[in-house]
Amino acid sequence: MPLEYNKRTHDCGALRGSDVGKTVLLSGWVDNFRDHGGMVFIDLRDRGGITQLRFNPDTDPAAHGVARTLRSEYVICIRGEVVSRGTNVNPKMPTGEVEVAVHEIDLLSKSKTPPFQITDDVETNEDLRLEYRVLDLRRPRMRNAMMLRHKITKTIRDYFDRNGFLDIETPILCKSTPEGARDFLVPSRVHNGSFYALPQSPQIFKQLLMMAGLDRYMQVARCFRDEDQRADRQLEFTQIDLEMAFVQPEDVMRHVEACLAEVAQVALGLKVPLPMPRISYAEAMAKYGKDAPDIRYEMTIKDLSVFAAKTDFKVFREPLDAGGVVRCIVVPGGAAMTRKETDGLTEEIKGIGAGGLPLVKVAEEGGKVVLQTGIAKFLDAEPIKSELLSTSGAKPGDLIFFAAGSEANVCKWLAWLRGTVAERRGMIPKDTWAFCWVVDFPLFGWDDDSKNIFSMHHPFTSPKDEDLHLMHLDSPNPAPASDLLKVRAKAYDVVLNGVELGGGSIRIHRSDVQAKIFQLLGISPEEAKLKFEYLIEALQYGAPPHGGLALGLDRIVMLFGGFSSIREVIAFPKNAKAIDPLTKAPSEVSAEQLKELGIRLAP
RNA sequence: GGGGCUGUAGCUCAAUUGGUUAGAGCGCCGGCCUGUCACGCCGGAGGUUGCGGGUUCGAGCCCCGUCAGCCUCGCCA
């Protein structure tokens, strides 16, 4: 009579010494087998873990005969007795105190030899892993990633449920808007020539929910952006999306950081001190060169523009005269860096647009501090040298990297350099989890191409109350750009170890302010009505002050799980070229399908 | 679209300045083995060096092109 595989008594990670003597029914995959000619040992694996099975030819010849034919990844069901391993305990296995003496076995399913071994030990190339994702997901590391993701998601859902947030689903088939990233379009069969767009985020819907009076909303929301991929970006990704009515930034931030602290507790057993530090956007850019600062280590950026203006060094003077800046980072002990290392960095930084990588080493000779190598000869004279040392804070044994150019470029280059050098020189403390909030983002940025301002966040972001006057609300004319660029937004990003976990803002609830913003952004009332009619309309029927935030769930799981790519925490991800190696999506479709949709492909 | 790295057995990798028949570990197949747990021992199969072209007496290695993967800038919050 076949074994009742639907009546498993335990999973393969459950049995302990206290279970000795029990008769158990287990099912799973053959992880490994060791055939001694007589005794056969099988490691049986399922989601719970691994249990060793023992097949004794003397007591159970039939089961033993089957066991000898088993191979990797065969699926079996067994019944047997839990026995102590006596002196042969395996301390490396949670179930290592016991084994199961198998009396009956059913072979449920055979397996071809897998294209790679199902183990964490061997790092297989990712393309193959994605093509055989079913096998890849059997590896403990990947199984743990899926389980961690579940645990984190559940923790977040529970937190918001406990705090009065309603989980509400929003549409997947939406209206296309030109803002932000490229939309994925879905052609309409019923309305040939018209298209739905997949949501880049539920942004507008969650605002509408607040206007609808639902007060607190959250959703584990799938979002879609048709942009190029990165290690931490996928075409489709998951946001923890939330929105609250009658709030200021601090209210949203307090909930989010409390929630993240709970996640850190559950995922890592970590106690995160609250509140998390707040850093202004201006400070983040000045000290770290990016709006997602990694505050686990120092080596912050120092401004040398005033100093550099006093030199005759062309590499500094020319960018300064063009309105740029000169800044540096000081690598502690960096004078020990080899020519090979610094040359390598120079080549790499050229790859992101820098002209080169000026540097000096600081040394001590006969009790005197001297500059060496690189551009030392341009800076070694007094009082230039002393001013460089005092402004940068460099000491003998250090190395100074310089960057000169537009502020945006200098920030980009030094942020890259800071991160790269810190990583390569082992300056990043292990097992450190540095959260922070970045606040006071500018409301507008300047687009040099169109010579116009644009929304840093999105056009519904509320300005800070104290900066409202810079927008000249009472005047029918647009405020000057110089004023507008000073306006700070009620926007905030939460950052962990230099990675943006999420961001949000308080939204505009006044229709006059919203109208002004559209005017400033060059969006005509007609255009605004066309694109956002439902939102503008709703604003006129009593909109509560409201705001929210969205967290990147994939990134959170990636960081807490110690992975270097979000593909590791997504069950079926796409590769860097936006292809799913498993299903081979995207694919061509039939002529009939296209015809029905009224679509003809360009030749 | 730009830059970088990679591509050799099923998997992970090696192969001196260009030099004989391209190797190793794991896996796989066969045999032996009654306490292994990365079992062990013996034997075996397995290769269009991503693909195409060029240089050369001779190319895994050099050159050109192309394809694929990853990282990155642009792009994207």
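In what follows, every chain begins at residue 1, and chains take the letters A, B, ... in the order their sequences are listed.
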Between [N] and [M], how far apart are the two [atom1] atoms, rounded to whole Å?
N	M	atom1	answer
B:U56	B:U66	P	23 Å
B:C75	B:C63	P	33 Å
B:C13	B:A45	P	26 Å
B:C67	B:U16	P	30 Å
B:A68	B:C28	C1'	27 Å
B:G3	B:U8	P	24 Å
B:G54	B:C70	C1'	29 Å
B:C42	B:C26	P	11 Å

Hunt down the Watson-Crick or G-U wobble partner of [N], both distances under 3.5 Å, from any strand shown, or write none.
N	value
B:G60	none
B:G43	B:C29
B:U8	none
B:C75	none
B:U66	B:G50

Which residues pass the ring-ring contact (aromatic ring centres under 6.0 Å, His included) test with A:Trp446, sequence neighbours left out? none

Under the ring-ring contact (aromatic ring centres under 6.0 Å, His included) test, residues paired with A:His36 that sit two or more places apart: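 For A:His36 the ring-ring contact (aromatic ring centres under 6.0 Å, His included) partners, ignoring immediate neighbours, are A:Phe41.
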
Take the protein atom CD of A:Glu347 and the nucleotide atom P of B:G4, then report the distance between them rounded to whole Å. 9 Å

Just the rounded figure in Å: distance from P of B:G4 to CD1 of A:Ile349. 16 Å

Let me have a per-nucleotide readout for [range], 5' to 3', with B, S or -, counting only protein heavy atoms under 4.0 Å.
range	answer
nucleotides 8-16 of chain B	--BSS----
nucleotides 72-77 of chain B	SBBBBB
nucleotides 31-46 of chain B	--BBBBBSB-------

Between CZ of A:Phe224 and CZ of A:Arg222, what distance do you get to the nearest 0.5 Å?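 It comes to 6.0 Å.
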
Could you give the distance from CG (A:Leu484) to CG (A:Leu520), rounded to the nearest 0.5 Å? 5.0 Å

Using salt bridge (charged side-chain N to carboxylate O under 4.0 Å, His left out), reason through A:Arg45 and A:Glu73 one step at a time and then give a plain yes or no. CA-CA 9 Å; A:Arg45 162 171 36 83; A:Glu73 303 309 312; 2.5 Å; yes

Distance-only side-chain donor-acceptor flag, A:Tyr217 / A:Gln219, under 3.5 Å: yes

Compute whether any side-chain donor of one residue and acceptor of the other, for A:Thr583 and A:Asp580, lie under 3.5 angstrom apart. yes

Base, sugar-phosphate or nothing for A:Arg129? Non-hydrogen atoms, less than 4.0 Å.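 No contact at all - A:Arg129 keeps every heavy atom at 4.0 Å or more from the nucleic acid.
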
Using modelled atom types and a 3.5 Å cut-off, is there a donor and acceptor pairing between side-chain atoms of [X] and backbone atoms of [Y]?
X	Y	answer
A:Asp60	A:Ala63	no
A:Arg143	A:Arg47	yes
A:Gln514	A:Pro459	yes

How are the rings of A:Phe160 and A:His255 set to each other: parallel, tilted or perpendicular (split at 30° and 60°)?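 A:Phe160 and A:His255: tilted rings.
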
Look at the rings of A:Phe560 and A:Phe435 and say which category their plane angle falls in: under 30° parallel, 30 to 60° tilted, over 60° perpendicular. perpendicular

Which residues in residues 571-581 of chain A have at least one heavy atom lying under 4.0 Å from any atom of RNA chain B?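 By residue number: A:Asn575, A:Ala576, A:Lys577.
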
Do the charged groups of A:Glu500 and A:Lys290 touch, with an N to O distance under 4.0 Å?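 No, A:Glu500 and A:Lys290 are not salt-bridged.
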
On RNA chain B, more 5' by nearest nucleotide between A:Asp127 and A:Lys350 is A:Lys350

Apply side chain to side chain donor-acceptor pair (under 3.5 Å) to the pair A:Trp437 and A:Glu257, showing each step before the final yes or no. CA-CA 9 Å; A:Trp437 284 101; A:Glu257 64 187 14; 2.9 Å; yes

Between A:Arg567 and A:Gln229, does the side-chain contact (heavy atoms from CB on, under 4.5 Å) criterion hold? Intermediate values first, please. CA-CA 11 Å; A:Arg567 292 188 296 272; A:Gln229 311 278 288; 5.9 Å; no

